[in-house]
Amino acid sequence: NNDTDGSQTFWQGHPLPEAVLELLKASCTTKTWQQYGFVLTQWGMYCSEKNIDVQSPTISNVLSFLTNLYEQGKGYVSVNTARSALSTVLGPLEGHSIGTHPLVSRLLKGISHKRPPRCRYQFTWDVNVLLNFLDKWPVNDLLDLRKLSIKLVALLALTTGQRVQTISLIRLVNVKFVMNCVQIAITDRIKTSKPGKSLMLDLPKFSNPQLCVVLCLEHYIERTFSFRKESNSEFLLVSTRAPHGVVSTQTISNWLKEAMNSEY
DNA sequence: ACGGGTTGTGAGTAAAGCAT
DNA sequence: ATGCTTTACTCACAACCCGT
């Protein structure tokens, strides 16, 4: 019904039952639909400007649109996303899906040569800087909830090397304290999920109690126990503010940056 | 089976919005 | 004012697919 993720607009040419739409929509995550939705807004604007039928363009319309994005300064990856979006929404052209049309492939290849993608991370940093910093903090009991959260997230990130998405999806029921470590199963679908297989994380105890994830995690769970009932959050990480609901991946990312930005 | 092309995904960033 | 969420956008990259 509401069209915040853009998926509805795609099949508006076909009047389809709600249940069908629901399944078509489930073929991509909301994140993907959001991105495609943005591309389609651009496409819509381009079409009305050039008097093109949004639903059934010619191949040269598509090629010009993609070239236009390139000329706006977009890199290969962005134009490629646009290609994917159009390919998903629009029917085949000249017997090819838009993504696989030979001219589209060629065009994208040209862009990848003119504006090749760079790798996301160019340098690494010394983890000890962060560890030394956290080591100087007061013991867990004396930390306020915010600092405790920041510390926990930092230690989780360092010990697991997982995306913030993964960290945000740690469910309390899946955290198992065993002998000398903690085992965490990630049961929700994540970027690298394979059907029917959940990710297992092992957190070993660390010699320095001040920097031990296991202890910090234990403490965090105790500390947040009291308001779990009201917030009824099944997830480990909760907001530092009432009603202490689930935190977004963005918040976790902010906490992480705060930990690394040692200006306290 | 591998390697290239294609598709689908989360991360990062900035800015606006919203509670407390 | 602060802490967090949402939105809009660009990007890198993982997974998938398929021809050889």
Side-chain angles (χ1 to χ4, degrees), chain A residues 2-7 10 24-45 62 66 69-90 92-93 96-113 115-122 144-150 153 157 161-169 186 188-195 197 199 227 230-231 233 235 237-261:
Chain A
N2 56 24
D3 186 22
T4 45
D5 59 20
S7 60
F10 289 10
L24 289 174
K25 189 170 167 179
S27 69
C28 288
T29 66
T30 35
K31 192 82 195 209
T32 303
W33 286 128
Q34 271 171 16
Q35 264 166 223
Y36 284 1
F38 166 69
V39 172
L40 290 163
T41 318
Q42 308 264 91
W43 170 244
M45 274 156 38
V62 172
L66 296 175
L69 294 178
Y70 171 78
E71 282 168 347
Q72 284 173 31
K74 309 266 164 78
Y76 167 76
V77 175
S78 300
V79 184
N80 198 30
T81 302
R83 164 224 234 165
S84 242
L86 292 185
S87 193
T88 305
V89 181
L90 271 24
L93 253 43
H96 299 91
S97 70
I98 287 179
T100 60
H101 191 287
L103 288 177
V104 175
S105 292
R106 280 283 141 205
L107 190 88
L108 265 296
K109 189 153 198 176
I111 295 177
S112 82
H113 286 161
R115 241 172 244 161
R118 301 155 179 270
C119 59
R120 189 180 280 287
Y121 306 106
Q122 262 93 358
D144 60 46
L145 180 58
R146 188 140 201 284
K147 281 197 173 181
L148 184 64
S149 310
I150 289 174
V153 162
Q162 289 293 318
R163 286 172 237 276
V164 289
Q165 178 198 33
T166 310
I167 293 176
S168 77
L169 291 173
I186 305 295
D188 296 76
R189 201 170 95 89
I190 54 173
K191 185 176 189 182
T192 52
S193 284
K194 295 217 159 67
K197 228 183 169 185
L199 173 68
F227 45 69
E230 293 94 280
S231 70
S233 167
F235 294 96
L237 296 167
V238 289
S239 169
T240 58
R241 292 199 164 183
H244 304 289
V246 196
V247 284
S248 67
T249 55
Q250 179 74 85
T251 300
I252 293 173
S253 153
N254 284 337
W255 286 350
L256 238 26
K257 274 191 277 187
E258 224 172 300
M260 291 186 283
N261 191 19

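Every chain is numbered from 1 and lettered A, B, ... according to where its sequence line falls, protein lines coming before strand lines.
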Novice: On the nucleotide C:dC11, are OP1 or OP2 found under 4.0 Å from the side-chain N or O atoms that A:Tyr76 carries?
Specialist: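 A:Tyr76 to C:dC11 OP1/OP2: no side-chain N or O under 4.0 Å.
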Novice: Output the single nucleotide from B:dG4, B:dG10, B:dT7 whose closest atom is nearest the side chain of A:Ser84.
Specialist: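 Taking heavy atoms from C-beta onward, the closest nucleotide is B:dT7.
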Novice: If only side-chain N and O atoms count, and only distance matters, is there a donor-acceptor pair under 3.5 Å linking A:Ser87 with A:Ser84?
Specialist: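 On atom types as modelled, these side chains do not qualify, holding no pair under 3.5 Å.
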Novice: Need to verify one output field. Residue with the more 5' nearest nucleotide on DNA chain C, A:Phe38 or A:Thr81?
Specialist: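 Going by which nucleotide is closer to the 5' end, it is A:Phe38.
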Novice: State which of C:dC11, B:dT7, C:dG3 makes the closest approach to the side chain of A:Arg146.
Specialist: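 For the A:Arg146 side chain, the nearest candidate turns out to be C:dG3.
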Novice: How many angstroms lie between atom NZ of A:Lys74 and atom CD1 of A:Ile111, to the nearest 0.5 angstrom?
Specialist: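 Going from NZ on A:Lys74 over to CD1 on A:Ile111, the span is 11.0 Å.
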Novice: Among B:dG8, B:dG4, B:dT7, which nucleotide has an atom closest to any side-chain atom of A:Asn80?
Specialist: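 Looking only at side-chain atoms, A:Asn80 lies closest to B:dT7.
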Novice: Show your working on side chain to side chain donor-acceptor pair (under 3.5 Å) between A:Ser97 and A:Thr100 and close with a plain yes or no.
Specialist: CA-CA 5 Å; A:Ser97 70; A:Thr100 60; 2.9 Å; yes
Novice: Heavy atoms from C-beta onward define the side chain here; which of B:dT6, C:dC4, B:dG4 lies closest to that of A:Trp255?
Specialist: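 Among B:dT6, C:dC4, B:dG4, the one nearest the side chain of A:Trp255 is C:dC4.
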Novice: Given atom CD1 of A:Ile111 and atom C1' of B:dT6, what is their separation to the nearest angstrom?
Specialist: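 Rounded to whole Å, this separation is 15 Å.
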Novice: Looking at every strand, decide which applies to A:Thr100 at a 4.0 Å heavy-atom threshold: base, sugar-phosphate, or nothing.
Specialist: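 If one applies the 4.0 Å heavy-atom cut-off, A:Thr100 turns out to touch the sugar-phosphate alone, with no base involved.
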Novice: Does a nitrogen or oxygen in the side chain of A:Ser253 sit under 4.0 Å from OP1 or OP2 of B:dA11?
Specialist: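 For B:dA11, neither OP1 nor OP2 has a side-chain N or O of A:Ser253 closer than 4.0 Å.
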Novice: Name the residue closer to the 5' end of DNA chain C, choosing between A:Arg163 and A:Lys74 according to the nucleotide with the nearest heavy atom.
Specialist: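 Nearest nucleotide further toward 5': that of A:Lys74.
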Novice: Determine whether A:Val164 and A:Val153 make a side-chain contact, defined as any pair of heavy atoms from C-beta on separated by less than 4.5 Å.
Specialist: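 No - every pair of side-chain heavy atoms lies 4.5 Å or more apart.
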Novice: Of the nucleotides B:dA11, B:dT7, B:dG5, which has the atom closest to the A:Ser105 side chain?
Specialist: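 Closest nucleotide to the A:Ser105 side chain: B:dG5.
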Novice: A:Val77 has a side chain; which of B:dA11, C:dC13, B:dT7 sits nearest to it?
Specialist: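 Of the options given, the side chain of A:Val77 lies nearest C:dC13.
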